[in-house]
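Note that the structure is predicted; figures quoted are calculated from it, not measured.
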Amino acid sequence: MYRHYKTKDDLFNELVSYAATGLEKIAEKFKSDESPNEWTRQFTLEILNDLEKDDAFAELLMLMNQSSTMEHPSLQIQYLNEQSEAMLNQTTRLIEKGQNLGQFKQGNASEMAFYYFATLQGLAI
C-alpha cells in the first residue's frame with residue numbers, strides 16, 4: 001500500500017476525494033426532470049442495496065461523516081464538505097419540487113433533506 005501512498009493521510013485524502021466526486025455526481029443526478037417521488041424512491045433503493053451488498057458503502061459514509069468533523073481539514077476534505085452541502089441543497093430543492101407537485105408532505109424542506117440523509121447515515125452505522 002505504501003508504494004501508492006506515502007502516508008495514511010495521503011490514503012485518507014484519496015478516499016475523501018473519491019467520496020467528493022461521487023457526491024458531485026449524485027447532486028447532478030438530483031437535478032433530474034423525473035418525478036421527485038420516483039427519483040427519491042430509486043435513490044433510496046440503490047442505497048439500501050449497496051448497504052445490503054457489503055460494508056464498503058457504509059464505511060464510505062462513515063469516512064465522510066468523520067472527515068466533516070475534522071478541525072483542520074485538508075483541501076480534499078474541504079471539497080468533500082462543499083459537495084455534501086451541494087447535495088443537501090439539491091435534495092432540498094427536489095423535496096420542494098415534490099411538495100409543489102403534492103408528492104411530499106409540506107414542511108421545512110431543508111430539515112426533511114437533513115433527516116433523510118441522517119436516516120441513511122444511521123442505517124450505515
> Step by step, would you call Tyr79 with Val16 a side-chain contact (heavy atoms from CB on, under 4.5 Å)?
Replying inline: CA-CA 9 Å; Tyr79 179 60; Val16 167; over 6 Å; no

Apply side-chain hydrogen bond (donor to acceptor under 3.5 Å, both in side chains) to [X] and list each qualifying residue two or more places apart in sequence or on a separate chain.
X	answer
Asn81	none
Glu34	Gln42
Lys29	none
Glu82	none

Listed pairs under 3.5 Å, donor-acceptor, residues 114-125 side chains, sequence neighbours left out:
unit_1	atom_1	unit_2	atom_2	d
Tyr116	OH	Thr44	OG1	2.6
Thr119	OG1	Tyr115	O	2.8
Gln121	NE2	Leu61	O	3.4

> With the 4.5 Å side-chain cut-off for hydrophobic clustering, are Leu101 and Phe43 part of the same group?
Replying inline: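 Different clusters: Leu101 never reaches Phe43 through Ile, Leu, Val, Met, Phe, Trp or Tyr contacts under 4.5 Å.
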
> How many angstroms lie between atom CE of Met87 and atom CD1 of Ile26, to the nearest 0.5 angstrom?
Replying inline: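 So the CE of Met87 and the CD1 of Ile26 are separated by 5.5 Å.
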
>> Please determine whether a side-chain nitrogen of the Lys or Arg among Glu28 and Lys31 lies less than 4.0 Å from a carboxylate oxygen of the Asp or Glu.
In response: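 Here Glu28 pairs with Lys31 in a salt bridge, since their nearest N and O are under 4.0 Å apart.
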
> Is any side-chain N of the basic residue among Arg41 and Glu38 closer than 4.0 Å to the acidic one's carboxylate O?
Replying inline: yes

>> My understanding is that a hydrophobic cluster links ILVMFWY residues whose side chain heavy atoms are under 4.5 Å apart, including indirect links. Using that, what else belongs to the cluster containing Ile95?
In response: Phe104, Met112

> Can you name the nearest heavy-atom pair linking Pro36 to Leu94, along with the distance?
Replying inline: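 Reported closest heavy-atom pair: CB-O, 3.6 Å.
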
